[in-house]
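This report refers to the structure that appears directly beneath it.
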Amino acid sequence: MTSNSANIQSSATSITVLELLGETSKVHRRDGTQPLLSRELSLGVDSLVRQSIRHAPPMPIELEQAIELTEDVVVMPLAAQFAGGTHLV
C-alpha cells in the first residue's frame, strides 16, 4: 500500500474514544485527524456505582438500573451523532 492510499484509508476511518473517569466520562470522536466531537458526560464509574449499586455482588435490579441510567445519560443523547460507522477505542 502506498503512503497516499494509507492516508486516504486512515482519514476515512472514524474512531471514537471513551474515557471512563470517576465522576464523569469523556467521548472523543475523530475522522482521521479531524476532530468531530468532544463531550464530557455527567456519568462516570464512581457516580454510576454510587447511584445504582448497593450490594456486593450487585442484585439484578441494581444492574438493570445502572444500564438504564447509562442509556439515559450517555447513549441516547449521543445516538444521533453516531449514526455513521465508527470504531470504539
- Smallest separation among heavy atoms of Ser25 and Gly44, with atom names: OG-CA, 3.7 Å

- For the student: nearest non-hydrogen atoms of Ser52 and Ala66, plus distance: OG-CA, 3.5 Å

- Any link between Val73 and Leu20 through a network of hydrophobic side chains (Ile, Leu, Val, Met, Phe, Trp, Tyr) touching at under 4.5 Å? yes

- Message: Could you work out, with salt bridge (Lys or Arg N to Asp or Glu O under 4.0 Å) as the rule, every residue matching Arg39, not counting sequence neighbours?
- Response: none

- What pairs of residues pass the side-chain hydrogen bond (donor to acceptor under 3.5 Å, both in side chains) test when at least one of them lies in residues 55-72, not counting sequence neighbours? His55-Glu62

- Task: Flag yes if Val74 and Val45 sit in one hydrophobic cluster, no otherwise; membership is Ile, Leu, Val, Met, Phe, Trp, Tyr, and two members link when side-chain heavy atoms are under 4.5 Å apart.
- Result: yes

- Note on the structure: Applying salt bridge (Lys or Arg N to Asp or Glu O under 4.0 Å) to Glu19 and not counting sequence neighbours gives none

- Task: Show which residues join Ile61 in its hydrophobic cluster (side-chain heavy-atom contacts under 4.5 Å, direct or indirect), or state none.
- Result: Met59

- Message: Within this structure, what is the CG-CG distance for the pair Leu21 and Leu43, rounded to the nearest 0.5 Å?
- Response: 11.0 Å

- Task: List in chain and number order the residues that pass side chain to side chain contact (heavy atoms under 4.5 Å, CB included) with Val27, two or more places apart in sequence or in another chain; answer none if no residue qualifies.
- Result: Thr16, Leu18, Leu37, Leu41, Leu78, Phe82

- Item | Non-neighbouring partners of Ser38 that pass side chain to side chain contact (heavy atoms under 4.5 Å, CB included), sequence neighbours left out | His28

